[in-house]
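Report on the structure given below.
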Amino acid sequence: MSEEVALSLDEVRRISIDVLEAGGLSPEHAQAIAGVVYAGQRDECHSHGMYRLLGCVRSVKEGKVDPNAVPDVVDHAPAVVRVDARYGFSPLAFERGRPLLVEKARRTGLAAMAINNCFHFSALWPEVEAISADGLVALAMTPSHSWVAPAGGKKPVFGTNPIAFAWPRPDGPPFVFDFATSAIARGEIELHRRAGKPIPHGWAIDSEGNSTNDATAALAGAMLTFGGHKGSALSAMIELMAGPLIGDMTSAESMAFDEGVGAAPCHGELILAFDPKVFLGAEATQHVARAEKMFDAIVGQGARLPSQRRYEARERSKANGVRIPKALYDDLQALLPR
Ligand code: NDP
Ligand code: PYC
């Protein structure tokens with residue numbers, strides 16, 4: 001088994017902020033990015049936890065990201081917030097735009113936030129979870145770089161294009177799912193490569209179009225969509241809704257914009273927020289309670305809800321801290337001032 005380092009959650013946050021600030025990010029960006037990286041590590045989402053710090057610092061070093069960008073929040077229309085991230089990372093843009101999104105959803109019942117010109121590296125569940133904490137239903141989606149072949153094809157067109165959904169529940173954490181529309185997040189294949197482990201067949205093909213379980217060959221080839229043509233269609237929808245619809249880049253355009261430097265993808269993100277109280281008025285509580293019956297029917301037969309593993313991991317990490325691979329710890333230490 002590979003060597004690991006134990007960290008308290010306070011250390012996770014401190015190291016993340018220190019690495020980001022040493023990498024040149026403004027204190028505001030460092031705080032916002034550390035927040036999502038901390039959440040990912042705490043909930044044992046390893047592909048989007050502290051590992052992401054390496055990519056953030058590399059993206060700044062490559063000169064693509066503005067580490068001091070101040071997001072511009074615009075009240076664009078009665079139900080539309082636009083946030084221009086000005087070529088900074090997305091978490092600060094999301095944080096700055098969220099209050100207006102929530103305010104608009106409460107007024108109109110359904111509001112959208114379009115984030116433009118952001119470098120995006122994070123999981124989406126921290127965002128939809130935060131919106132659901134205000135009693136709203138949330139849906140978020142974003143493209144990435146064109147790494148994924150459409151179903152029936154062999155050449156990358158789509159990004160790994162995640163979609164996340166949150167439904168607030170009366171007596172506990174929200175129902176949340178958040179997954180890539182590729183068979184798996186690219187970050188997971190990268191972690192397999194770092195650990196020298198094979199990947200399962202079905203995740204990717206090599207550059208000759210053959211199924212592969214070699215992580216390096218997979219990263220050089222094309223990833224596959226989840227659920228064949230269904231994941232492929234969903235992925236295309238995300239390209240359209242969080243791309244041309246909001247005036248931003250597709251994954252292929254983001255890849256071209258990168259010019260081979262290997263920075264985080266640069267594009268837009270679309271976030272929708274629904275207020276059940278506006279849709280349902282006095283009947284909102286009664287209908288939200290009906291949703292609980294569906295959740296009971298799922299868990300009542302031994303199946304699990306998405307996010308159940310994550311919430312359990314959260315409790316474990318709060319009690320015991322986390323463990324990260326020593327190789328990652330060493331890579332992060334190397335980014336700190338001597
Ligand atoms: P998974 O394939 O592991 O799917 C994750 C989702 O499915 C989670 O909600 C998870 O809940 C749920 N889930 C997994 N197994 C089960 C099960 N047996 N029963 C019920 N629910 C289950 O993750 P991905 O690799 O697709 O994505 C991982 C992360 O990568 C996401 O957070 C995503 O946002 C991020 N990502 C970000 C990108 C970006 O461009 N910014 C691009 C691509 C991915 P649980 O967590 O509880 O296991
Ligand atoms: O893991 O696919 C991924 C990913 C892309 C951008 C951020 N994460």
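A quick note: this is a predicted structure, and the numbers were derived from the prediction, not measured. Remember, it's 1-based here, ligands and their atoms both numbered in the order they're listed.
- Atoms of ligand 1 found under 4.0 Å from any heavy atom of Trp125, numbered from 1 in the order shown, are 32 (O).
- Judged by distance alone, the side chains of Tyr329 and Glu4 never bring a donor and an acceptor atom under 3.5 Å apart.
- Between Ala180 and ligand 1, at least one pair of N/O atoms sits closer than 3.5 Å.
- For the pair Glu3 and Lys326, the salt-bridge criterion is not met [side-chain N within less than 4.0 Å of a carboxylate O].
- The shortest N or O to N or O distance between Ser182 and ligand 1 is not below 3.5 Å.
- Contact atoms of ligand 1 toward Ser144: 40 (O) (distance under 4.0 Å to a heavy atom of the residue).
- Interface of Arg310 with ligand 1, defined as ligand atoms under 4.0 Å from a residue heavy atom, comprises 46 (O), 47 (O).
- Heavy-atom proximity to Phe177, at under 4.0 Å, picks out these atoms of ligand 1: 9 (O).
- The residue among Ile189, Asp178, Ile163 with a heavy atom at the shortest distance from atom 34 (O) of ligand 1 is Asp178.
- Taking 4.0 Å as the cut-off, His120 counts as a neighbour of ligand 1 on heavy-atom distance.
- Remark: the Ser251 side chain and the Glu239 side chain contain an N/O donor-acceptor pair separated by less than 3.5 Å.
- By the side-chain hydrogen bond (donor to acceptor under 3.5 Å, both in side chains) test, Arg42 pairs with no residue at all, sequence neighbours left out.
- For ligand 1, the polar-atom distance check finds no N/O of Ser47 at less than 3.5 Å from any of the ligand's N/O atoms.
- For Arg310 and Glu315, the salt-bridge test fails: no basic side-chain N is under 4.0 Å from an acidic carboxylate O.
- Of the protein's non-hydrogen atoms, Pro306 CB, 3.9 Å is the one closest to atom 12 (C) of ligand 1.
- Residues Trp203 and His192 bring their aromatic ring centres within 6.0 Å.
- Judged by distance alone, the side chains of Asp84 and Asn117 do bring a donor and an acceptor atom under 3.5 Å apart.
- In this structure, Cys45 falls outside the shell of residues with a heavy atom less than 4.0 angstrom from ligand 1.
- For the pair Arg52 and Phe121, the cation-pi test (distance below 6.0 Å, angle within 45°) is failed.
- Ring-plane geometry between Phe257 and Phe119 is classed as tilted, the angle between the planes lying from 30 to 60 degrees on a 0 to 90 degree scale.
- Less than 4.0 angstrom separates atom 32 (O) of ligand 1 from at least one non-hydrogen atom of the protein.
- Arg107 pairs by the salt bridge (Lys or Arg N to Asp or Glu O under 4.0 Å) definition with Glu103, not counting sequence neighbours.
- The shortest N or O to N or O distance between His48 and ligand 1 is below 3.5 Å.
- Inclusion of Leu124 in the set of residues having an N or O under 3.5 Å from an N or O of ligand 1 is warranted.
- Evaluation of the side chain to side chain contact (heavy atoms under 4.5 Å, CB included) rule for Ala218 yields Ile189, Ile199, Ala204, Thr212 as partners, not counting sequence neighbours.
- Under the 4.0 angstrom criterion for non-hydrogen atoms, Ala164 is not in contact with ligand 1.
- Here's the thing with Ser307: one of its N/O atoms is less than 3.5 angstrom from an N/O atom of ligand 1.
- Residue Ala185 places at least one N or O, backbone or side chain, under 3.5 Å from an N or O of ligand 1.
- If you check which protein heavy atom lies closest to atom 42 (C) of ligand 1, you get Thr160 OG1, 3.2 Å.
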Exercise for review: Start with the C-alpha gap between Thr142 and His267, add the side-chain angles, then the distance that decides, and say whether side chain to side chain donor-acceptor pair (under 3.5 Å) holds.
Suggested key: CA-CA 8 Å; Thr142 188; His267 44 68; 3.2 Å; yes

Could you check ligand 2 for N or O atoms lying under 3.5 Å from protein N or O atoms and list the pairs with distances?
from, atom 1, to, atom 2, distance (Å)
ligand 2, 1 (O), His48, NE2, 3.4
ligand 2, 1 (O), Arg52, NH2, 3.2
ligand 2, 1 (O), Arg186, N, 3.2
ligand 2, 1 (O), Gly187, N, 2.8
ligand 2, 2 (O), Thr160, OG1, 2.7
ligand 2, 2 (O), Arg186, N, 2.9
ligand 2, 8 (N), His48, NE2, 2.8

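- The shortest contact between atom 41 (N) of ligand 1 and any protein heavy atom is with Ser122 O, 2.8 Å.
- When the heavy atoms of Arg309, Arg304, Met223 are ranked by distance to atom 20 (C) of ligand 1, first place goes to Arg304.
- Of the options Ser251, Gly187, Pro162, the smallest heavy-atom separation from atom 39 (C) of ligand 1 is shown by Pro162.
- Enclosure of atom CZ in Arg290 is not indicated, since only 12 or fewer non-hydrogen atoms of other residues, nucleotides or ligands lie within 6.0 angstrom.
- Between Arg98 and Asp134, at least one side-chain nitrogen of the basic residue sits less than 4.0 Å from a carboxylate oxygen of the acidic one, meeting the salt-bridge criterion.
- The protein atom (non-hydrogen) at minimum distance from atom 3 (O) of ligand 1 is Ile184 CD1, 4.8 Å.
- For atom 36 (N) of ligand 1, the protein comes within 4.0 Å by at least one heavy atom.
- Between Arg14 and Glu21 there is no salt bridge, since none of the side-chain N atoms of the basic residue sits less than 4.0 Å from a carboxylate O of the acidic one.
- Note on Glu44 versus Arg314: no salt bridge recorded, every NZ/NE/NH1/NH2 to OD/OE distance being 4.0 Å or above.
- In this structure, Lys64 places its NZ atom where more than 12 heavy-atom neighbours from other residues, nucleotides or ligands lie under 6.0 Å away.
- The residues Lys104 and Asp275 are annotated as not salt-bridged, no charged nitrogen and carboxylate oxygen being separated by less than 4.0 angstrom.
- In this pair, Phe179 and Phe226 present their aromatic rings perpendicular. The plane angle is above 60°, beyond the 30 to 60° band.
- The closest approach between any non-hydrogen atom of Pro143 and ligand 1 is below 4.0 Å.
- Nearest-residue assignment for atom 7 (O) of ligand 1 (options Phe179, Tyr311, Trp203; heavy-atom criterion): Phe179.
- Contacts between Gln308 and ligand 1, counted as non-hydrogen atom pairs separated by less than 4.0 Å, involve the backbone only.
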